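Below is one structure; the comments refer to it alone.
Sequence positions, counted from 1, serve as the residue numbers for this chain. Whatever order the structure lists ligands and atoms in, that order sets their numbers, starting from 1. These figures come from a predicted structure and were not determined experimentally.
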Amino acid sequence: MGINGVPSWEAEPLVAAVGETAVWTIENTMEFDHPFHLHGFFFQVLGADGQPVRPLAWKDTVNVPVDGAARFAVRYDNRPGMWMFHCHILDHADAGMMGMLQVVR
Ligand SMILES: [Cu+2]
């Protein structure tokens, strides 16, 4: 298992800057739903049309359905450091479905 085609132990950290807002798209090409979880920051889930899903809510986990995708917008507020993201099915995370986000000043 992996993210962006590689298991966590082969992955390079993603790099972002404090103050930046990013839109993540997570596509699921496997035969299970995967609850994607990001540490350190809350995000706003976006629908397929790119608009925020209502009712508006801050989330740290979003389900990524089979043969589907999830999108969210996240702002890297003032917490630089190395933050983990992973599938919240911990067997999947242990099998490689995990990565690191490095937020730099
Ligand atoms: Cu999973």
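Under a hydrophobic clustering in which Ile, Leu, Val, Met, Phe, Trp and Tyr are joined whenever their side-chain heavy atoms come within less than 4.5 Å, directly or via other members, Phe42 and Tyr76 fall into different clusters.
Here the two rings, on His86 and His39, have centers that are under 6.0 Å apart. Aromatic rings from Trp24 and Phe36 are positioned such that their centres are separated by under 6.0 Å.
Among all heavy-atom pairs drawn from Arg71 and Gly50, the shortest one is NH1-CA, 3.5 Å.
At least one side-chain heavy atom of Pro65 sits under 4.5 Å from a side-chain heavy atom of Asp33.
Asp60 places no side-chain N or O within donor-acceptor distance of the main-chain N or O of Leu38, the cut-off being under 3.5 Å.
Protein atoms that are N, O or S and lie under 2.8 Å from the Cu ion (ligand 1) are these: His34 ND1, Cys87 SG, His92 ND1.
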